[in-house]
Student: 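Take this structure, written in structure tokens, and hold onto it; I'll ask about it next.
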Amino acid sequence: MSEQSQLDRQADPREPATDTGGGAVPVKVMVVDDHPMWRDAVARDLAEAGLDVVATAGDGEQAVRRAQAAAPDVLVLDLNLPLKPGVQVCKELVAANPALRVLVLSASGEHADVLEAVKSGATGYLLKSASTEELVDAVRRTAVGDAVFTPGLAGLVLGEYRRLATEPAAGTPEDSKAPRLTDRETEVLRLVAKGLSYKQIAERLVISHRTVQNHVQNTLGKLQLHNRVELVRYAIERGIDKADKADKADDA
């Protein structure tokens, strides 16, 4: 399976959402869009699907204030906002809370907009042409750390990861001083860099979804990185994303 198809592959939208502890706690979501009818409709659809819509906002400054107060798990964010653009909202909120997941929901499929959103800390990018079922599934997957992209955009993002990896990264520690990862953490990191979702990694390694999440969070902490973009770049720079014998056997 190609890297793009691995990222593009969608989970069954009928599958119920679960929190990281395996319980039934609903995912807390905040919706940010400057069009009231669209914003209200998205919030209503998510609430009807069993998600906990804790706040909404209609401009960038309002979004930052309300997100800090409401502490959502997932921010569903439009890029075209008055007072403060969506990418700036994303940067500020992710910097303040690296655990926040940001799913951009935009009418724009322009490559520049997609890449700028990902670089600002967005976990995924979905076009507004998506169905309600696709949106609900994307929010649930985003909540557990999966990178969710409208089909066709995943390959673009992976290509940008690889381009960035050829450029010197400011402040990147020397390999000799880099923290040591366990074999399992390295294995999970390699699969993340190859574009697999957490669910796919769990199936590949025959471990639980939560265990995959824990390994990723531990790796982020050890490497002093903040999000999946930085994590994938780190892996590619060091060749960790290269296929091993097991992958070659799987692809044969």
Side-chain angles (χ1 to χ4, degrees), residues 2-10 31-34 60 63-64 67 74-130 134-135 137-139 141-143 145-172 189-198 216 220 223 225-241:
S2 68
E3 290 173 334
Q4 182 169 348
S5 62
Q6 288 164 346
L7 270 176
D8 285 347
R9 177 180 162 188
Q10 297 292 315
V31 179
V32 181
D33 196 290
D34 63 329
V64 172
V74 177
L75 184 70
V76 177
L77 177 69
D78 189 17
L79 294 180
N80 188 20
L81 298 173
L83 302 184
K84 183 175 293 188
V87 290
Q88 186 60 36
V89 171
C90 185
K91 286 179 183 177
E92 291 183 20
L93 291 176
V94 172
N97 177 19
L100 175 66
R101 313 292 188 186
V102 179
L103 175 65
V104 170
L105 182 61
S106 175
S108 172
E110 293 295 323
H111 290 184
D113 291 335
V114 178
L115 296 178
E116 188 176 15
V118 172
K119 290 176 184 177
S120 72
T123 307
Y125 197 106
L126 200 65
L127 296 181
K128 286 186 174 180
S129 57
E134 288 171 333
L135 173 60
D137 178 57
V139 170
R141 291 177 58 199
T142 298
D146 282 353
V148 183
F149 293 90
T150 290
L153 298 181
L156 167 71
V157 175
L158 279 172
E160 180 66 4
Y161 286 156
R162 295 190 181 283
R163 187 191 69 77
L164 288 173
T166 65
E167 301 176 353
T172 299
L189 174 57
R190 179 176 58 78
L191 295 176
V192 168
K194 284 170 65 63
L196 274 69
S197 70
Y198 289 1
V216 171
L220 287 170
L223 301 178
L225 302 177
H226 300 96
N227 53 50
R228 192 176 180 122
V229 176
E230 296 179 0
L231 193 63
V232 173
R233 177 174 177 172
Y234 177 94
I236 293 174
E237 285 175 341
R238 288 155 181 79
I240 297 174
D241 65 313

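Nothing here was measured: the structure is a model prediction, and the numbers come from that model. The chain is numbered in sequence order, starting from 1.
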Student: So if I apply the side chain to side chain contact (heavy atoms under 4.5 Å, CB included) rule between Val89 and each of Val102, Val32, Val64, Leu83, which one comes out positive?
Tutor: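 Only match with Val89 under side chain to side chain contact (heavy atoms under 4.5 Å, CB included): Val64.
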
Student: Which heavy atom of Cys90 sits nearest a heavy atom of Ala122, and at what distance?
Tutor: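 Here Cys90 and Ala122 meet closest at SG-N, 3.5 Å.
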
Student: Please name the pair of heavy atoms, one in Ala143 and one in Arg101, separated by the smallest distance, quoted to 0.1 Å.
Tutor: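 So the two residues come closest at O-NE, 4.1 Å.
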
Student: Are Val139 and Val76 close enough that some pair of their side-chain heavy atoms sits under 4.5 Å apart?
Tutor: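 SC-SC contact between Val139 and Val76 confirmed.
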
Student: Can you check whether Leu81's main-chain N or O pairs, donor with acceptor, with Asp34's side chain at less than 3.5 Å?
Tutor: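 Looks like no, no N/O pair under 3.5 Å.
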
Student: Which value, rounded to the nearest 0.5 Å, describes the distance between Asn97 atom CG and Glu92 atom CD?
Tutor: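 Interatomic distance, Asn97 CG to Glu92 CD, rounded to 0.5 Å: 13.5 Å.
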
Student: Short question: side chain of Thr150, backbone of Leu127 - any donor-acceptor pair under 3.5 Å?
Tutor: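 Yes, Thr150 side chain to Leu127 backbone: donor-acceptor pair under 3.5 Å.
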
Student: Kindly compute the distance separating OG1 (Thr123) from CG (Leu75), expressed to the nearest 0.5 Å.
Tutor: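 Thr123 atom OG1 to Leu75 atom CG measures 10.0 Å (nearest 0.5 Å).
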
Student: Give the minimum heavy-atom separation between Ser106 and Asp78, together with the two atoms involved.
Tutor: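 Looks like CA-OD1, 4.0 Å.
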
Student: So which heavy atom on Leu79 is nearest to which on Ala117, and how close?
Tutor: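 Of all heavy-atom pairs spanning Leu79 and Ala117, the closest is CD2-CB, 4.3 Å.
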
Student: Shortest non-hydrogen contact from Ala138 to Leu126?
Tutor: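 The answer is CB-CD2, 3.9 Å.
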
Student: How would you list, by chain and number, every residue that makes a salt bridge (Lys or Arg N to Asp or Glu O under 4.0 Å) with Glu116, sequence neighbours excluded?
Tutor: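 Result, salt bridge (Lys or Arg N to Asp or Glu O under 4.0 Å) vs Glu116: none returned.
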
Student: Given Tyr125, which of Asp113, Leu77, Val118 fulfils the side chain to side chain contact (heavy atoms under 4.5 Å, CB included) condition?
Tutor: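 One option only clears the test, and that one is Asp113.
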
